[in-house]
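When a ligand or atom number is given, it counts from 1 through the structure's own listing order. We count residues from 1, following the sequence as given.
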Amino acid sequence: MDGACEFSENDLEQIRQATRVPTLEHYRQIASTNTRAIMAADEAALPLPALILTDLQTAGRGRGDHSWWSAPGALTFSVILPRSQANGEFHGPRIALTVGLAVCASLQQLRPGLEIGLKWPNDVYVQGRKICGILVEVPPRSPDRIVVGIGLNVNNSCAQAPHAVAATAISLREVAGYSFKLAAVVTRVFCQLTDHLAALARADTTLPQRWQTLCMLSGRRVQVQTGQQATVGICHGIDESGALLVETPARCEKCVSGIVTVLTAQTGR
Ligand code: BTN
């Protein structure tokens, strides 16, 4: 399918018109759109929001020291925004969760009826497998801006990915059985992203309700690793501050950062 693995000049023009984004950078291939976005954010006069897009990302970065695997047909892009557009502060998990909701809304529009969930704090899952990773960063020299990086498995084959990815990931094409136009997907996600961040900035109370509803960890026994500290217990969802609620034998802990491992399937809540 034309436009399923790369962006034509026509696709880029359509994205410009549909998103009205004042800055669009497109690369046939780049190491990491987030790394490029962090550099670009240092240009004070850069018109925002800026969209950095590639056909193929070769050294994608994930949270911590994780990498992000991509192949032709995957959608990898970053958006540079003024921090004021996302509530003025860097709210730890709240921004990533809001971006996650924007991705969920986009996927539900593209493929209604998807079995979709948020894995706190920054992943989107479909049918129990990871379809999207989100990396929110503050450029060290331009802390008045944020970079939102999104890796979305659209037309790539996760089944043919390296073993660790193949065992846990899925793409939209693998779910739907047909390919999607990348330009249409990125346009939809970008528009949902700006709408959702605007909702965060005006303290829209439906956002916490939605991340609580979509929390796929609720009712499961989880381990949250934060540095050297491990919190183990039953997850009770995500509160309005974006913290993951974990009931340990001693108390209900509010985890604000960390890597989650699911220890058991859902309990009968
Ligand atoms: C994670 O799962 O830990 C987050 C993965 C984020 C990947 C995206 S792809 C576009 C952008 N550029 C990167 O190098 N990373 C993000």
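- Of the residues L48, I95, V148, the one that meets the side-chain contact (heavy atoms from CB on, under 4.5 Å) test with L81 is V148.
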Carefully, step by step, assess E174 and S171 under the rule side chain to side chain donor-acceptor pair (under 3.5 Å).
CA-CA 5 Å; E174 286 165 329; S171 73; 3.2 Å; yes

Could you give me the CA-CA distance, side-chain angles and deciding distance for H26 and D55, then say whether side chain to side chain donor-acceptor pair (under 3.5 Å) is met?
CA-CA 8 Å; H26 168 253; D55 296 346; 2.9 Å; yes

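- The backbone N or O of C191 sits less than 3.5 Å from a side-chain atom of T194, completing a donor-acceptor pair.
- Looking at T248, its side chain never comes within 3.5 Å of a backbone N or O of G233 through a donor-acceptor pair.
- At most 12 heavy atoms of other shown residues, nucleotides or ligands fall within 6.0 angstrom of atom CZ in R251.
- Listed by chain and residue number, the protein contacts of ligand 1 are S32, T33, N34, Q57, G60, R61, G62, R63, W68, T76, F77, S78, N122, D123, K130, G133, I134, L135, G149, I150, G151 (heavy atom within 4.0 angstrom).
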